[in-house]
Amino acid sequence: MAETVGPEMVGPEIVGVDEAMEPALALIRGGDVVAIPTETVYGLAGDATNGVAVARIFEAKGRPRFNPLIAHVADFAMAERIAHFDPLSMRLAKAFWPGPLTLVLPIRADGGIHPLVTAGLDTIALRMPRGFGGELIARLGRPLAAPSANSSGRISATSATAVAKDLGSRIRLVVDGGATPVGVESTILKVEEGRVRLLRPGGVAAIEAEAVAGVPLSRGAKGVEAPGMLASHYAPGAAVRLNARSVTGEEALLAFGPKRAEGWRDAVATLNLSASGDLREAASNLFAYMQDLDRSGASTIAVEPIPFEGLGEAINDRLARAAAPREISLPTK
Ligand code: TXA
Ligand code: MG
C-alpha cells in the first residue's frame with residue numbers, strides 16, 4: 001500500500017502499479033502531475049492539452065527555462081492526430097513503438113497539444129511508452145507531457161524512491177513500477193529530407209535505428225539541438241521591451257497582474273498573462289499571447305514586470321530571449 005519516503009520527510013505517496021491507475025487518473029484529470037514509470041526512466045507526467053498542468057511540470061522540476069517536452073501517446077491514431085508522419089518516420093515508429101524511441105515531427109495545429117509543451121516550436125517530440133504509462137494514456141484518452149522525473153540539473157530517476165527523494169513534496173504521487181528496464185532516456189531522432197538525425201542517443205542503439213532506416217544516422221554539430229539552443233527559436237517579428245511601466249499607442253501590451261502600465265488604454269492590443277498574478281496561469285498563456293500580440297501589427301510588445309520567483313524565472317528567461325536580438329535598455333526600476 002501507500003508509504004512515504006522516510007519517517008521525518010514529507011514526501012509524495014508511492015503506490016504500486018496495481019493500485020495506482022485510479023488515483024493517477026484522478027490527479028491528472030484534475031490538472032495535477034504524477035510521476036510514472038516508463039521503460040526508460042521515470043517521467044513526470046501531466047495532461048499535454050492542459051497548460052496549467054504543463055506549467056506545474058516545469059514548476060516541480062524547478063527548470064529555470066521552458067525546454068520542449070516529449071508528448072507520450074497510447075497508439076498510432078493518437079500520434080497521427082498530433083503530428084504529421086513522413087514515411088521514414090512512420091517506418092521507425094512501427095519498428096520501435098511502443099519502446100524507447102522519440103521522434104521529432106511537424107506538429108498539427110489542431111492536434112490539441114498546449115504550446116507550452118513545445119515551448120512554441122512547430123515540431124513535437126512524440127513517443128509511445130510501454131507498460132503503465134501507455135495504459136494510463138489509453139484510459140485518459142489524451143497525450144501526456146512528461147520530462148524525466150528529476151529536478152533540473154540532476155540525473156534521471158530509474159526507481160520510485162529516487163523520484164520521491166529528489167522531487168519530495170513538490171509532487172503528490174509516484175507510481176512504483178520497480179526499476180525501469182532500459183535505464184537511460186529514449187533515443188531522439190528527427191527525419192529531415194530523407195536523412196535521419198540523431199538528436200540524443202538513448203535506449204534504441206543507433207545501429208538498430210540505421211538497420212530500419214536503411215541510411216546512416218547523421219550526427220555532429222548540427223545534430224546537437226541542446227535545450228539552450230532551442231530556446232532561441234522563437235523571436236517575434238515585433239521588438240520586445242521588458243519591465244514596461246508605461247506603454248505608447250504604437251505598442252502592444254503583455255500585462256501581468258491586477259495593475260496596468262501607464263497609458264495602457266492607448267495600446268494597440270493588451271493581453272493579460274494572469275489578472276490575478278498567478279505565475280502558473282501566466283506560464284500557460286505565455287507562448288500563445290506572444291504570438292497573438294505579434295500578429296496585432298504593433299511595432300513593439302511592451303511587457304509589464306514579472307516577478308522572478310517560481311515559474312517567473314522561466315517566464316523571464318523566455319522574454320529576455322525574445323528581447324535579446326535587439327538593442328534595448330532594460331529599465332532597472
Ligand atoms: O525516455 C525519455 O525520453 C524520458 C521518458 C520520461 O519518456 N523523457 C525525457 O524527457 O527524457 P526530457 O524532457 O528530460 O528530455 C526531452 C528531450 C530534451 O532534450 C528536449 O530538448 C528534446 O527532448 N525535445 C523535445 N521536443 C523537441 C523538439 N521539438 N525538437 C527537438 N528536441 C526536442
Ligand atoms: Mg531529462
Side-chain angles (χ1 to χ4, degrees), residues 24-25 28-29 31 33-34 36 38-40 43-58 66-148 185-193 196-197 199-200 202-204 209 212 225 227 230 233-234 283-288 291:
L25 275 170
I28 286 172
R29 286 188 180 126
V33 299
V34 173
I36 58 165
T38 81
E39 72 277 54
T40 57
L44 185 57
D47 181 347
T49 68
N50 176 342
V52 171
V54 180
R56 282 201 163 101
I57 295 174
F58 287 104
F66 297 120
N67 296 326
L69 305 177
I70 298 171
H72 297 70
V73 297
D75 51 52
F76 279 89
M78 192 182 277
E80 287 182 280
R81 282 198 295 276
I82 295 170
H84 297 280
F85 282 76
D86 59 279
L88 188 46
S89 294
M90 184 52 85
R91 183 137 50 92
L92 288 160
K94 287 255 149 87
F96 296 108
W97 284 358
L101 175 71
T102 295
L103 292 166
V104 174
L105 301 160
I107 194 168
R108 287 187 192 272
D110 59 356
I113 296 290
H114 190 277
L116 193 53
V117 174
T118 60
L121 289 171
D122 54 12
T123 55
I124 176 101
L126 274 192
R127 167 163 124 72
M128 191 190 295
R130 271 186 212 285
F132 182 86
E135 287 165 41
L136 179 63
I137 299 158
R139 284 284 306 275
L140 191 68
R142 291 188 204 166
L144 287 177
S148 49
E185 293 89 343
S186 60
T187 299
I188 306 182
L189 299 178
K190 185 180 186 185
V191 173
E192 290 170 329
E193 291 144 22
V196 185
R197 277 173 60 193
L199 298 184
R200 179 179 73 181
V204 170
V212 171
E225 264 180 27
L230 276 167
H233 70 275
Y234 177 65
S284 79
N285 287 329
L286 180 64
F287 290 97
Q291 279 162 5

Distance, nearest 0.5 Å, that separates CZ of F287 from CG of L121
8.5 Å

With sequence neighbours left out, what residues match A55 under side-chain contact (heavy atoms from CB on, under 4.5 Å)?
L116, R280, A283, L311

Please list all pairs passing the salt bridge (charged side-chain N to carboxylate O under 4.0 Å, His left out) test where one or both residues lie in residues 94-120, with sequence neighbours left out.
none

Can you confirm whether T118 sits close enough to T123 that some side-chain heavy atom of one is under 4.5 Å from a side-chain heavy atom of the other?
no

Separation between CD of E135 and CD1 of I36, rounded to the nearest 0.5 Å:
10.5 Å

Would V204 and L189 count as a side chain to side chain contact (heavy atoms under 4.5 Å, CB included) here? Give the steps.
CA-CA 10 Å; V204 170; L189 299 178; over 6 Å; no

The criterion is side chain to side chain donor-acceptor pair (under 3.5 Å); which residues satisfy it with T40, sequence neighbours excluded?
T38, R127

Classify the ring geometry of F76 against W97: parallel below 30°, tilted from 30° to 60°, perpendicular beyond 60°.
tilted

Among all residues two or more places apart in sequence or in another chain, which pass the side chain to side chain donor-acceptor pair (under 3.5 Å) test with T102?
S186

Taking all non-hydrogen atoms of both residues into account, name the closest pair between G203 and T187 and its distance.
N-OG1, 3.3 Å

Within this structure, what is the CZ-CG distance for the pair F85 and L103, rounded to the nearest 0.5 Å?
6.5 Å

Expected output: side-chain R56 to main-chain G31 donor-acceptor under 3.5 Å:
yes

By side-chain contact (heavy atoms from CB on, under 4.5 Å), A109 pairs with (sequence neighbours left out) none

Please name the pair of heavy atoms, one in V212 and one in R91, separated by the smallest distance, quoted to 0.1 Å.
O-NH1, 2.6 Å

Partner of V117 under side chain to side chain contact (heavy atoms under 4.5 Å, CB included), picked from V54, D47, N50, is V54

Tell me every residue that passes side-chain contact (heavy atoms from CB on, under 4.5 Å) with I82, counting only those two or more places apart in sequence or in another chain.
V73, M78, I113, I124, L126, P143

Give, for atom CD1 of I70 and atom CG of L144, the distance between the pair rounded to the nearest 0.5 Å.
12.5 Å

Taking every non-hydrogen atom, the tightest pair across P129 and P98:
O-CB, 3.7 Å

